[in-house]
Structure formats: structure tokens, C-alpha cells
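All remarks here apply to the structure that follows.
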Amino acid sequence: MQSSKASRRLFLTAAIASVLLLLTLHSSAQTDLTGFWVFRVPTGDGNFRESFFDLKQDATKISGKSIQGTRETPFTDGTFADGKLHFVLSFNFGNPPQTRTVTYDGVLDGSKISLTSQTTGRDPVKGILERSRPEAALPPARLPLPDLHDIPDNGLARTPPMGWNSWNKFAGKVDDASVRGMADAMVSSGMKAAGYIYINIDDTWEGPRDANGNITSNLKFPDMKALADYVHSKGLKIGIYSSPGPKTCAGYEGSYGHEDQDAKTFAAWGIDYLKYDWCSAERIYTGYVPAELQAVYQKMGDALRKSGRPIVYSLCEYGRGDVWKWGSKVGGNLWRTTGDISDNWRSMSNIGFRQFDISQFIVPGHWNDPDMLEIGNGGMTSDEYRVHMSLWSMLAAPLLAGNDLRSLPDDIKETLTNGEVIAVDQDPDGKPVQRISDPEAMSVVIVHPLHDGSKAVGLFNRADTPQTITATWASLGITGKKLRIRDLWKHVDTDSTADSYSAVVPSHGVVLIKVKSE
Ligand code: GLA
């Protein structure tokens with residue numbers, strides 16, 4: 001009796017011990033997180049933003065690194081205990097350098113981890129951490145580049161393109177409804193009548209490729225062809241965006257290896273304008289070798305030509321490789337000359353006043369693009385926005401409004417639709433602008449010859465106090481005993497028989513005149 005009780009107890013103890021051992025073995029097998037992982041965050045439009053992590057687990061300690069392109073950032077701290085994962089990353093960015101800390105916290109859920117990332121000062125971002133392979137974080141193999149050849153002029157954009165682009169105001173929030181709303185507002189506000197024709201969708205419209213490799217639009221754009229038809233029905237044209245790399249700058253599907261197919265899709269949808277943004281092409285090709293840039297952009301230039309639809313070709317590679325010297329050879333109608341503009345005086349004026357030396361490269365059909373307008377986005381004064389509009393017009397730059405056209409305050413509408421200033425931008429001769437003042441001067445005087453024999457003259461004040469700015473007619477190349485002067489912002493005429501012109505220009509302001517010999 002005693003012995004059978006004892007052996008039963010022994011048996012039970014052994015059974016419990018083996019179950020515990022099995023459980024321990026099982027849970028430790030499941031909880032070794034060592035390996036390569038991808039963190040997939042839904043973007044809300046059917047796509048996922050992916051970031052990669054290489055994790056190492058040593059008991060409850062987690063070390064490892066995040067891998068984003070060529071940038072690897074080691075974790076500063078990490079633990080995994082009771083099914084809960086925690087790790088921290090710190091990045092240095094900007095000038096002067098600032099530190100950004102991202103904290104990740106997750107819970108094991110089967111073979112995956114529900115993970116939340118929290119960047120200091122931002123909303124938390126939720127996604128799923130899944131097992132992956134290091135190859136998934138690498139760019140695709142480099143495809144050979146074509147030999148260079150000159151693509152014939154497509155005959156489009158004889159004057160700098162005018163329209164609207166979604167990025168500056170909407171960034172990733174652009175969708176079908178906002179684009180339709182902008183097309184409606186373009187007409188009802190009088191912007192269309194002033195010459196603004198293109199409604200351009202920037203990054204984040206892209207969905208995955210279908211089984212045949214055709215690019216699709218994502219959930220924010222249910223039917224791209226129907227949207228293009230709608231924009232066309234308003235007497236407007238529609239633009240779209242892609243990248244020569246596998247991913248766009250916002251991490252969406254790019255045209256890499258699908259150039260001909262995408263150009264055909266865009267043509268079939270009825271697209272009239274393509275902005276083609278370098279972005280992740282940098283992971284495959286060398287963005288500082290002009291011949292490589294040129295060959296990459298030539299690929300899409302040829303594809304657009306073969307698409308059978310006239311499509312304005314806008315190169316966006318931030319001015320690399322002196323694009324103004326070869327942009328027209330790849331079929332480009334315009335090319336970005338700078339990095340991205342922001343809605344503030346420093347950014348706009350640093351870009352705008354540095355464009356004069358390359359103005360000589362513009363000809364009708366082929367324009368320097370100092371980036372889209374920020375007028376009306378709220379970060380500058382009315383004077384500063386008038387400088388923006390005047391300077392871009394004197395440069396014969398594309399005029400792509402970047403604000404919400406559905407709510408246009410009167411002064412913004414007046415700035416954007418001033419027909420006399422737009423006429424300078426749209427002058428059919430497309431002549432370069434010439435700087436008269438010293439390169440470093442805070443009072444900037446520039447002159448732009450116009451088709452009717454007159455000259456547009458801009459007196460710009462970059463200083464923080466009002467300045468009297470004077471230029472002799474001779475320095476501007478203007479001759480004649482009596483000159484008729486039209487103030488393009490005040491809309492008044494005066495005559496001059498003097499040998500110079502003087503104006504008091506407000507801080508961060510402009511006086512823009514058109515001068516004709518009588
Ligand atoms: C780059 C471009 C911008 C805009 C964004 C979209 O930064 O320069 O104009 O297109 O990409 O991701």
C-alpha cells in the first residue's frame with residue numbers, strides 16, 4: 001500500500017517534471033528572437049512601410065541593429081522577457097545635429113510580434129514584426145544602362161508648365177477626393193483662367209504590381225482612369241509621379257525595370273505629365289556620375305516617347321550632375337535644380353536667389369525647376385510670397401501651386417493669379433534672366449528681356465529692413481529718352497526721363513516693373 005502510494009507520487013512528480021521540462025524547452029525554442037526581421041506598418045492605403053532589424057538574443061538581453069538602406073543603427077538597449085520585447089534606437093540627424101530616439105515595444109503573438117514604435121514627440125506607430133531574410137533589405141540587382149542618345153524634343157511645355165502639385169500641402173494624404181476638389185477649385189477660383197492647367201498627383205498614389213507586373217493605384221485612388229477623365233472634363237490636364245528606383249521617396253512602388261510598362265499604363269490612364277524622382281535609384285546607380293543619371297532618365301524618356309501619348313517629362317534629381325546641361329537630351333521638359341523647398345523665407349530665398357548662374361540653360365520646352373510654389377501654405381508673409389512669385393516668374397520657372405486651392409484667401413489668390421507677373425513667366429521667348437547686382441548683395445537687381453522688346457526688372461530686398469534700391473537704365477541695358485514704366489504689382493504706369501530708377505523696397509519684398517522705350 002505504502003509502496004504503491006510512494007511509487008504513484010514518484011510517477012506524478014516525474015510526470016510534472018517532464019511537462020515542465022517540455023514547456024521550458026518549448027517556450028525557450030519559441031522565444032529565441034535571434035535572426036532577421038521586418039517591421040511592417042500599414043500606411044492605411046493598402047501598402048506597408050517596411051524597416052528591417054537584425055536581432056540577437058542572449059537570455060533576456062536583446063542586441064542588434066536596424067538596417068535602412070545602407071544605414072545601420074545599433075540598438076542602445078533591448079530586453080525580451082515574458083513574451084515582451086523592448087528595444088531602443090538613437091539617430092543623429094540635421095545640422096546642427098539633433099538626436100532622435102525611437103522606442104519599440106512588442107508582444108509575442110504566435111510566431112510574430114505586435115510591435116509599436118514611439119519616436120519622441122510623435123504619435124506611436126503600430127505594426128507587425130515578422131521573420132524575414134537579409135536579402136529582403138537589399139536593393140534588386142543592377143540592370144544594365146542603355147548607351148546614350150539624344151531623344152527628340154516632344155514639342156510640349158513651350159512655356160513653363162503651370163498647375164498644381166499635391167506634395168507641399170498634402171504629402172501622403174493626397175487622395176481621389178482631394179484631387180477632384182482641386183480640379184474643381186482650379187476652375188472656380190479663376191486659377192485655370194490665369195493659366196494653371198496641370199493637376200499633378202505626387203508620391204503615395206502607388207499600389208502593388210498585379211500578376212502581369214502592371215502598376216496599380218492604391219486604396220486612396222480607386223480608379224485612376226476615371227480620375228483622369230474627371231480632370232480632363234474640367235478642361236485641365238493631369239500629372240502623376242514615379243521613380244527610376246525600386247521605391248519612391250515615400251517608400252512606394254517605383255518604376256525600376258518596368259519603365260516601358262509604366263509609361264504605357266500612364267498613357268492608358270490619360271496621364272499628361274510625369275514627375276520622375278531619383279529617390280532609391282541611388283541604391284543601384286551612382287547619382288553623382290552625369291552619364292549614369294542621364295542613362296537612367298533616358299530610359300523613361302524613351303518609354304514615354306514610345307507610349308504614344310504626349311506626356312510632359314519632369315526630371316527630379318535635385319540638380320545632380322549638372323542636369324541643366326543634359327536634361328533636354330533625355331527628353332526632359334523641366335528638371336529640378338535644387339533639393340526640396342519648404343514654406344519659409346530662408347528655404348525659398350536660398351533656392352530662388354541661387355538660380356541666376358544656370359538661367360542661360362533654359363530654352364522654350366526645357367526649363368530649370370527650382371521646385372514648386374509654397375505660396376498660401378502659411379509660413380511666409382504676403383511680401384515674401386510676392387517675392388516667391390516674382391522671382392519664379394523672372395526665372396521662367398514652372399509655376400506649380402502647392403497650397404489648398406479650395407480655400408484661397410484674397411491676397412493669395414491675387415498673388416497667384418496676377419496676370420502681369422504670369423506674363424513675364426510665360427513670355428514666349430523664354431529668355432534667361434540676368435543678375436545686375438553683386439552676387440552677395442542683399443539688394444538684388446535682375447532683368448529679363450521680353451518678347452515685345454520691353455524688359456522686366458526686379459528689385460528684391462533680402463535684408464531685414466526696408467532698402468532704397470537704385471539701378472541705372474544703362475546697367476539694365478535699357479536705352480531711350482522717355483521710358484514707360486509699369487509696376488506689375490501695383491498695376492500703375494509712370495514715365496521716366498531720368499537715367500536711373502529708384503524704389504523703396506520693403507524688407508523681404510520686391511518691386512517688379514516692366515520698362516519700355518516710348
Ligand atoms: C522628393 C521630391 C519632392 C516630393 C517627394 C515625394 O523629396 O523632391 O518634391 O516629390 O520626394 O516623396
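Each ligand, and each atom within it, is numbered from 1 in the order the structure gives.
- Contacts with ligand 1 closer than 4.0 Å are made by side-chain heavy atoms of Cys316 only, the backbone lying farther away.
- Backbone and side-chain nitrogen or oxygen atoms of Tyr318 are examined, and none is located within less than 3.5 angstrom of a nitrogen or oxygen of ligand 1.
- Protein heavy atom closest to atom 7 (O) of ligand 1, with residue, atom name and distance, is Asp340 OD2, 2.6 Å.
- With respect to Asp357 and Arg435, a salt bridge is recorded, a charged nitrogen being found less than 4.0 Å from a carboxylate O.
- The shortest distance between side-chain heavy atoms of Asn154 and Asn333 falls below 4.5 Å.
- Considering only heavy atoms from C-beta on, Tyr241 comes within 4.5 Å of Glu206 through its side chain.
- Arg336 and Glu317 are not joined by a salt bridge, as no carboxylate oxygen comes within less than 4.0 angstrom of a charged side-chain nitrogen.
- Considering only non-hydrogen protein atoms, atom 5 (C) of ligand 1 sits nearest to Trp167 CE2, 3.6 Å.
- Residue contact check: Lys275 has heavy atoms under 4.0 Å from atoms 3 (C), 4 (C), 9 (O), 10 (O) of ligand 1.
- Atom numbering of ligand 1 starts at 1 in the shown order; those under 4.0 Å from a heavy atom of Ala250 are 12 (O).
- Nearest protein heavy-atom contact of atom 1 (C) of ligand 1 is Asp277 OD2, 3.0 Å.
- Using a 4.0 Å cut-off between charged side-chain N and carboxylate O, Asp383 and Arg386 make a salt bridge.
- Residue Tyr241 has at least one heavy-atom neighbour below 4.0 Å for each of these atoms of ligand 1: 6 (C), 10 (O), 11 (O), 12 (O).
- Taking atom 12 (O) of ligand 1 as the reference point, the nearest protein heavy-atom neighbour is Asp203 OD2, 2.8 Å.
- Between Asp260 and Lys264 there is no salt bridge, since none of the side-chain N atoms of the basic residue sits less than 4.0 Å from a carboxylate O of the acidic one.
- Protein heavy atom closest to atom 10 (O) of ligand 1, with residue, atom name and distance, is Asp202 OD1, 2.6 Å.
- For the pair Arg158 and Asp153, the salt-bridge criterion is met [side-chain N within less than 4.0 Å of a carboxylate O].
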